[in-house]
Amino acid sequence: MDWLTRLAWILNLVVLLVSARDYDFGVDVISLTRRQDPNAPIVVGRLPSASNGSTPLRLEIRNVKADKYRWDLYILALSMFQAVSQDDPLSYYQVAGEQSVPAQAARTFCGQEDDFVSQQELHKLAGAIADMFSNATERSLYKQAASDFRIPYWDWASPAPEGQSHFPDVFWNSTMIQYGPNGVQVIRNPLYSYSFHPLDGDALIWPPLRSWNETKRAPNTEISQVEPPSMNDQVSAALLARLPEIQQRLYILFSSYHEFDSFSNKNYASLQNLSHLDSIEAVHDVIHIYGGSRGHMTYVPLSSFDPLFFLHHAMTDRLISMWQLLNPSAWMTPQISGETTYTALKGTMQNSSTPLTPFMSSADGTFWDSDMSRTTEVFGYAYGDTSYLPGHSESPRNKLIRKINRWLGQNSPAMVRIKSQAQQRRPSGVWKGSAGVKGSQPSLKVDASDVADDHYTEWIANVHVNHGALDGSFSIYLFAGKPPDDVGTWAFAPNLMGSVGIFTMSGMGGHQSKMSGTVPLTMALMRLADLGAIRDIEANSVVAFLQSRLHFRVASIDNKEVDPSLVAGLFIGISSTRVKLPKSESEFPEWGQPMLRSVLWE
Ligand SMILES: *[C@@H]1O[C@H](CO)[C@@H](O)[C@H](O)[C@H]1NC(C)=O
Ligand SMILES: *[C@@H]1O[C@H](CO)[C@@H](O)[C@H](O)[C@H]1NC(C)=O
Ligand SMILES: *[C@@H]1O[C@H](CO)[C@@H](O)[C@H](O)[C@H]1NC(C)=O
Ligand SMILES: *[C@@H]1O[C@H](CO)[C@@H](O)[C@H](O)[C@H]1NC(C)=O
Ligand SMILES: *[C@@H]1O[C@H](CO)[C@@H](O)[C@H](O)[C@H]1NC(C)=O
Ligand SMILES: *[C@@H]1O[C@H](CO)[C@@H](O)[C@H](O)[C@H]1NC(C)=O
């Protein structure tokens with residue numbers, strides 16, 4: 001190649017990359033996707049079963065990537081979905097914009113239903129795309145993949161496979177090379193961002209986000225204020241740093257929360273003055289805060305435009321399914337809505353038969369309600385963790401408990417005992433904590449006194465705060481000793497004991513209603529005991545330590561320190577709970593009543 005040809009080739013490539021668009025199917029996507037009757041009601045139905053009669057599974061994104069036909073269809077369908085005209089009620093733009101957040105709905109808090117509507121649309125598009133392949137062999141392979149197509153989830157509660165980034169690399173590149181019915185093309189990666197067409201800045205409200213043409217994660221405004229690039233490496237590092245806390249919080253939710261109301265949402269516990277203050281919703285908030293890192297995911301009403309939203313909510317839905325398998329009879333009780341939503345005012349009574357507007361179950365105008373959406377099977381999908389799989393004799397429930405103990409309980413004293421019994425040669429309970437972040441955690445040593453009489457003590461910081469206490473989301477960090485000076489480093493500080501992310505916005509639910517979350521401290525305390533900073537994790541040692549050494553700080557989403565006296569309704573208290581060890585890996589630990597030990601702020 002001479003230099004001129006080479007230059008032309010490079011310029012060509014640059015033009016191609018800069019102007020990369022959605023996949024060009026060689027057909028008019030706008031008219032292909034436009035509905036015949038634009039006024040026909042949008043009905044959310046059940047996706048068809050697989051040809052052998054089983055309910056198809058939602059898979060982890062990396063497993064979808066590993067299957068060429070599924071992956072191609074997913075990317076092509078998402079690319080086509082994002083290209084649908086924004087004035088169409090079934091466009092990505094409008095489905096994502098459907099911010100209906102009834103506080104009580106089982107699969108509906110924060111957009112589980114939006115997730116399903118997007119799955120239904122993608123399933124339809126995947127079928128249409130499979131039909132476009134002209135080669136009959138290929139067409140039949142794609143049609144097979146399209147028939148049991150279900151949206152993937154991203155498992156943000158597990159470490160990535162060896163050698164891979166925590167936040168999967170498929171989200172990172174702005175462009176990608178994609179095969180499809182119209183050949184190989186360089187396209188805009190539909191997992192990197194949603195590109196507004198057109199951009200309606202008034203609808204997006206917040207500067208500077210309202211002027212950006214596409215959704216961003218960790219936008220680097222130092223490079224450009226106009227169209228800052230997303231720093232997905234920062235998102236990955238931030239979420240990886242939160243993984244141990246996320247695992248502990250989920251372990252506590254699975255092993256000790258048995259009421260649907262308190263498990264499901266972050267409003268109920270403080271409304272009822274309960275001592276169990278965490279919820280699956282509060283854990284899900286962490287992914288919004290750090291997945292956005294000042295980008296769209298961090299802003300409640302903008303979050304669902306980021307393609308990550310749908311994979312995040314599918315994961316949240318998977319966790320709800322697991323909890324439901326463990327607590328099959330638990331269900332919601334009638335209660336007063338703690339937040340104002342699209343269709344219900346704060347303060348109105350809602351129950352499991354309250355219509356989940358705007359999601360219709362049939363064209364006659366019947367809406368879905370929570371009782372109707374109690375299982376994923378009614379929508380035609382399932383998860384491998386909660387299904388009977390061929391070739392397994394153990395009940396799915398038992399299998400799930402063992403899985404959760406190994407996966408989320410690895411750093412809990414509860415599982416350390418089981419581990420040390422299994423290893424026998426380690427009577428002192430020394431156990432290499434391989435959990436969560438590989439190699440980055442010191443080994444944990446559980447002193448004999450930590451697990452005396454088959455009981456030990458768990459420590460949790462409970463936080464509650466008014467809805468919309470600040471203008472936007474914020475985080476509360478707890479440190480052993482003095483926090484670093486630079487707010488930007490708090491989330492990664494070596495002496496950070498834990499944090500809680502508050503995903504909210506001003507005006508959400510008014511100023512009386514509260515939301516809550518927790519910071520598990522036991523793992524950090526065990527590490528301090530291991531280092532000799534405290535004697536053990538029992539009350540005498542811990543309370544003295546907390547009173548003299550525990551510090552907390554509040555940071556706004558743009559990494560500014562916030563005076564806690566400006567955070568309306570803030571309460572931070574430390575409680576302890578006696579926990580009875582399980583006898584085997586197929587049991588959970590048994591939690592006693594929490595006792596308030598120390599109040600950091602009220
Ligand atoms: C049904 O087919 C799917 C593949 O489409 C397969 O994964 C599943 O194991 C099959 N189920 C049964 C019960 O054979
Ligand atoms: C059709 O696709 C199959 C599978 O990819 C391939 O092996 C075959 O060569 C293709 N046939 C033609 C005529 O291109
Ligand atoms: C991202 O782009 C780089 C450079 O073009 C490429 O090497 C890499 O394979 C891409 N990653 C993915 C997940 O497509
Ligand atoms: C944003 O998109 C509009 C058209 O939709 C275009 O005119 C404008 O130049 C774009 N801005 C940037 C910074 O890419
Ligand atoms: C919770 O406590 C507050 C203040 O102490 C009280 O006003 C309220 O009635 C209590 N709520 C319930 C459900 O007990
Ligand atoms: C649920 O609320 C509706 C009003 O939205 C009411 O008509 C119905 O009786 C309630 N059902 C139960 C079981 O409380």
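Whatever order the structure lists them in is the order used to number ligands and atoms, beginning at 1.
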Count the heavy atoms of every other residue, nucleotide or ligand shown that sit under 6.0 Å from CD1 of Ile177, and state whether that count exceeds 12. no
Taking only non-hydrogen atoms of Asn273 and a 4.0 Å limit, the atoms of ligand 5 in range are 1 (C), 2 (O), 3 (C), 8 (C), 10 (C), 11 (N), 12 (C), 14 (O)
Need the ligand 5 atom indices (1-based, order shown) with element for anything under 4.0 Å from a heavy-atom of Leu271. 11 (N), 13 (C)
Decide whether an N or O pair under 3.5 Å exists between Gln272 and ligand 5. no
Who are the side chain to side chain contact (heavy atoms under 4.5 Å, CB included) partners of Ser79, not counting sequence neighbours? Asp22, Tyr23, Ile187, Pro190
Listed by chain and number, what are the side chain to side chain contact (heavy atoms under 4.5 Å, CB included) partners of Ser236, not counting sequence neighbours? Ser165, His166, Phe167, Trp172
So what's ligand 3 close to, N/O to N/O, under 3.5 Å?
| from | atom 1 | to | atom 2 | distance (Å) |
| --- | --- | --- | --- | --- |
| ligand 3 | 2 (O) | Asn173 | OD1 | 3.4 |
| ligand 3 | 2 (O) | Asn173 | ND2 | 2.2 |
| ligand 3 | 11 (N) | Asn173 | ND2 | 3.0 |

Would you say ligand 2 has an N or O under 3.5 Å from any N or O of Asn135? yes
Would you check if Leu191 and Tyr74 make a side-chain contact, meaning some heavy-atom pair closer than 4.5 Å? yes
Counting the benzene-type ring for Trp, do His296 and Phe305 have ring centres under 6.0 Å apart? no
In terms of relative ring orientation, are Tyr383 and Tyr153 parallel, tilted or perpendicular, with 30° and 60° separating the classes? perpendicular
Quick test of your reading: applying salt bridge (charged side-chain N to carboxylate O under 4.0 Å, His left out), list the pairs with at least one residue in residues 286-299, sequence neighbours left out, ordered by first then second residue. none
Cation-pi check for Tyr381 against Arg58: NZ or CZ below 6.0 Å from the six-membered ring centre and within 45 degrees of the axis, yes or no? yes
